[in-house]
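Heavy-atom basis, side chains included; hydrogens, waters and symmetry copies ignored.
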Amino acid sequence: MNSEKLKIAVLGGTGNIGEGMVLRLALQNLMPEGVKNEIIIGSRSLETADEAAKKALSELENCGFDTSRMTINGMGNLEASQAAEVIILTIRFDTFCLC
């Protein structure tokens, strides 16, 4: 792993669960110590992923956070998983409910 920035892909990052995870991981970059994160939002659609990345940065800016030290990019799921060092799968629970 790269010691300067940890590349984390959030697959399913365009939904509610993924959005919350992306925002929290991005805020880690503002901490004075610790590993910094490069967040990759993965989606079935590159356009949707790009929109989600722009929205996340915009929301953080609107809350008064300095986003100059944050990296949030959108990619397709395959590209995101290939580029990442850590992959977080954020999908709705009922997607896997076998009931």
Side-chain angles (χ1 to χ4, degrees):
M1 283 191 261
N2 184 340
S3 62
E4 292 194 20
K5 284 224 179 201
L6 180 61
K7 292 184 180 183
I8 302 173
V10 180
L11 303 185
T14 59
N16 292 338
I17 298 168
E19 180 182 0
M21 183 66 68
V22 166
L23 294 173
R24 177 62 187 97
L25 290 169
L27 288 173
Q28 178 66 34
N29 291 312
L30 300 179
M31 302 298 290
E33 297 179 10
V35 176
K36 305 306 180 203
N37 303 316
E38 178 180 331
I39 298 100
I40 305 165
I41 297 176
S43 177
R44 291 172 284 179
S45 162
L46 174 59
E47 293 80 21
T48 304
D50 281 337
E51 287 176 27
K54 290 175 188 171
K55 179 182 173 193
L57 285 169
S58 176
E59 287 183 19
L60 290 166
E61 286 175 4
N62 289 340
C63 290
F65 292 106
D66 176 12
T67 59
S68 65
R69 294 182 289 172
M70 297 178 190
T71 304
I72 305 174
N73 295 308
M75 294 183 184
N77 283 328
L78 178 61
E79 294 79 15
S81 61
Q82 290 172 335
E85 297 167 297
V86 174
I87 298 171
I88 300 172
L89 183 60
T90 58
I91 56 172
R92 293 183 355 206
F93 174 75
D94 61 357
T95 301
F96 283 109
C97 184
L98 301 175
C99 315

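One finds the CE atom of M75 at 11.5 Å from the CG atom of L11 (value rounded to the nearest 0.5 Å). Summarising the geometry, atom OG1 belonging to T67 is positioned 12.5 Å from atom CD belonging to E59; distances are rounded to the nearest 0.5 Å. Note that CG of N37 is 12.5 Å distant from NZ of K7, once rounded to the nearest 0.5 Å. The structure places CZ of F65 at 9.5 Å from CG of L23, a figure rounded to the nearest 0.5 Å. Here the NZ atom belonging to K54 is positioned 11.5 Å from the CD1 atom belonging to I41, to the nearest 0.5 angstrom.
Using a 4.5 Å heavy-atom threshold, the side chains of I8 and E85 count as separate. With contacts defined as side-chain heavy-atom distances shorter than 4.5 Å, the pair E19/T14 does not qualify. Looking only at side-chain heavy atoms (C-beta outward), M70 and L57 come within less than 4.5 Å of each other. The closest side-chain heavy-atom distance from L27 to R24 is below 4.5 Å. Side-chain contact between E38 and L6 is absent, with no heavy-atom pair separated by less than 4.5 Å. Contact check for L25 versus I88: side-chain heavy atoms found under the 4.5 Å cut-off. Annotation: side chain of M21 is not in contact with side chain of I17 (no heavy-atom distance under 4.5 Å).
Residues I72 and L30 share a single hydrophobic cluster, defined by chaining ILVMFWY side chains whose heavy atoms lie under 4.5 Å apart. No path of Ile, Leu, Val, Met, Phe, Trp and Tyr side chains, each step under 4.5 Å between heavy atoms, connects I40 with V22, placing them in separate hydrophobic clusters.
Annotation: D66, atom CG; neighbour count of heavy atoms from other residues, nucleotides and ligands within 6.0 Å is above 12.
Shown here for G42 and N77, the closest heavy-atom pair between the two residues is C-OD1, 3.0 Å. Scanning both residues, A9 and A84, for their nearest heavy atoms gives CB-CB, 3.5 Å. Nearest approach of K5 to T71, heavy atoms of both residues: NZ-OG1, 3.4 Å.
A distance-only check finds a donor-acceptor pair linking the side chain of T90 to the backbone of G12 [under 3.5 Å]. Looking only at distances, a side-chain donor or acceptor of K36 sits under 3.5 Å from a matching main-chain atom of M31. Listed for the N29 side chain is a donor-acceptor partner under 3.5 Å among the backbone atoms of A26. Judged by distance alone, with hydrogens and angles left aside, the side-chain atoms of S45 form a donor-acceptor pair with the main-chain N or O of T48 at under 3.5 Å.
For the pair K55 and E51, the salt-bridge criterion is not met [side-chain N within less than 4.0 Å of a carboxylate O].
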